[in-house]
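The chains referred to below are lettered A, B, ... by the order of the sequence lines, with proteins before strands, and numbering in each begins at 1.
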Amino acid sequence: MPEMIEVEYYRRVAERLVGHSLAGVVAPDAWYLKGNTTARALQVALRGTTLTGTDRIGKLLLLETDGPTVGLRFGMTGRLLVDGEGPIEKLEYASGRGDPVWVRFGLRFEGGHTMQIEDPRRLGGVELAPDVGHLGVDALVIGAAALRRGLAASRAPLKAWLLDQHHVAGIGNLLADEMLWQAGLDPARVASAVDDREAKRLHVHLRRTITQLMARGGSHTGDLQVARRRGATCPRDGAPLQRRTIGGRTTYSCPAHQC
DNA sequence: ATTGTGGCCTGCCCGC
DNA sequence: TGCGGGCAGGCCACAA
């Protein structure tokens, strides 16, 4: 599913169209437009503007223009297609087939270029001038000290804290499980009970997990991934994995080495 | 303020 | 072969 890694891939393909001007907006699905915007409002605001750059904060992709900024969210099954092709063929929890009705939003550019979001489950969305003030610092940017301070101030379970986009932006369920498994920390630990040494270790593995999985090709390429099913054993030490709900999400962890 | 819960969306997969 | 129920999780509204 799209976590910050996949969204970063999307950002890189979107970057190809920087410098092109927008010829039109295709918004067949009103549900997909968030923040009370409409197809007409988007058309009026964006037509004739030029894509000047792209940015990403966590899982939010920002298309910067010389007019307003457009925010794209991909939910769990959204893919970005530039000129009909995406950087990712198949998403975890989504099939490899495509269906034209899954295209929920599109931008037409001068010269015939297109940018589209294909999202079978409609969990993503498009917003004009999104408010990014409530988003935490991007997971690849947060420093060890900030991570330690954030954890110290919370009584939420460690994993729930990591998933909260207000604290750190970009970590989804798979990444959270993988980095905690790598760091040897129990996802159910109370965040403030994580000591300085453990917080430092988590910071190391947070960065390492994201950069490594980005190089491998996606958030589903972690070492724990093969064991994300009932009855599986830990790929590291062979212990039966624990399956729980933490932070409202299915959580796999190893009771032997995560503590 | 913080933390937890339930609902939304819909395709896919499993068991019958 | 078809069908129904469970499942997946990012995000948001809402409750305490």
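- Between A/Trp181 and A/Asp223 there is a side-chain heavy-atom pair separated by less than 4.5 Å.
- The CZ-P distance, from A/Arg228 to C/dA8, rounds to 9 Å in whole Å.
- In the model, A/Arg11 has a side-chain atom that pairs as donor or acceptor with a side-chain atom of A/Thr54 under 3.5 Å.
- Using a 4.0 Å cut-off, no side-chain N or O of A/Lys34 falls inside it from OP1 or OP2 of C/dC11.
- Side-chain contact, A/Tyr252 with A/Arg243: a donor N or O sits under 3.5 Å from an acceptor N or O.
- A/Arg79 has its CZ atom 15 Å from the P atom of B/dG11, to the nearest Å.
- Under 4.0 angstrom from either OP1 or OP2 of B/dC13 there lies no side-chain N or O belonging to A/Arg229.
- Nearest nucleotide to the side chain of A/Leu174, out of C/dC7, C/dG9, B/dC12: C/dG9.
- Within the 4.5 Å cutoff, the side chain of A/Val126 has no heavy atoms near those of the A/Lys34 side chain.
- Residues of residues 147-171 of chain A having a heavy atom closer than 4.0 Å to DNA chain B, listed by number: A/Ser154, A/Arg155, A/Ala156, A/Pro157.
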When you compare the protein's N or O atoms with those of nucleotides 7-9 of chain B, which come within less than 3.5 Å of each other, and at what distance?
from: B/dC9; atom 1: O3'; to: A/Arg122; atom 2: NH1; distance (Å): 3.2

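- Put simply, the side chain of A/Glu127 does not reach to within 4.5 Å of the side chain of A/Tyr32, judged on heavy atoms.
- You'll find the side chain of A/Arg12 reaches within 4.5 Å of the side chain of A/Glu8, heavy atoms only.
- Across the protein-nucleic acid pair, A/Glu127 atom CD and C/dG10 atom C1' stand 15 Å apart, rounded to whole Å.
- The interatomic distance linking A/Phe74 (CZ) with C/dG10 (C1') rounds to 13 Å, in whole Å.
- At least one side-chain heavy atom of A/Ile171 sits less than 4.5 Å from a side-chain heavy atom of A/Met179.
- The CG-P distance, from A/Asn173 to C/dC7, rounds to 15 Å in whole Å.
- With the end axes of the helix from B/dT2-C/dA16 to B/dC16-C/dG2 each set by five pairs, the angle from one to the other reads 40° at 10° resolution.
- Here the side chains of A/Arg201 and A/Leu185 are in contact, with some heavy-atom distance below 4.5 Å.
- In this structure, the CZ atom of A/Arg230 is 16 Å from the P atom of B/dC13, given to the nearest Å.
- Counting only heavy atoms from C-beta outward, the side chains of A/Phe74 and A/Val7 approach each other to under 4.5 Å.
- Here the side chains of A/Leu80 and A/Met115 are in contact, with some heavy-atom distance below 4.5 Å.
- If you check every strand for non-hydrogen atoms under 4.0 Å, A/Gly248 touches nothing.
- Taking only side-chain nitrogens and oxygens, A/Thr250 comes nearer than 4.0 Å to OP1 or OP2 of C/dA8.
- Distances were taken from every side-chain heavy atom of A/Trp102 (C-beta onward) to each of C/dC11, B/dG11, C/dA8; the shortest belongs to B/dG11.
- Side-chain contact check for A/Thr52 and A/Asp66: no donor-acceptor pair (N or O, by modelled atom type) lies under 3.5 Å.
- Side-chain contact check for A/Gln258 and A/Ser253: no donor-acceptor pair (N or O, by modelled atom type) lies under 3.5 Å.
- Between the NE2 atom of A/His134 and the C1' atom of B/dA1 there is a distance of 17 Å, given to the nearest Å.
- Between A/Arg244 atom CZ and B/dG4 atom P there is a gap of 14 Å when expressed in whole angstrom units.
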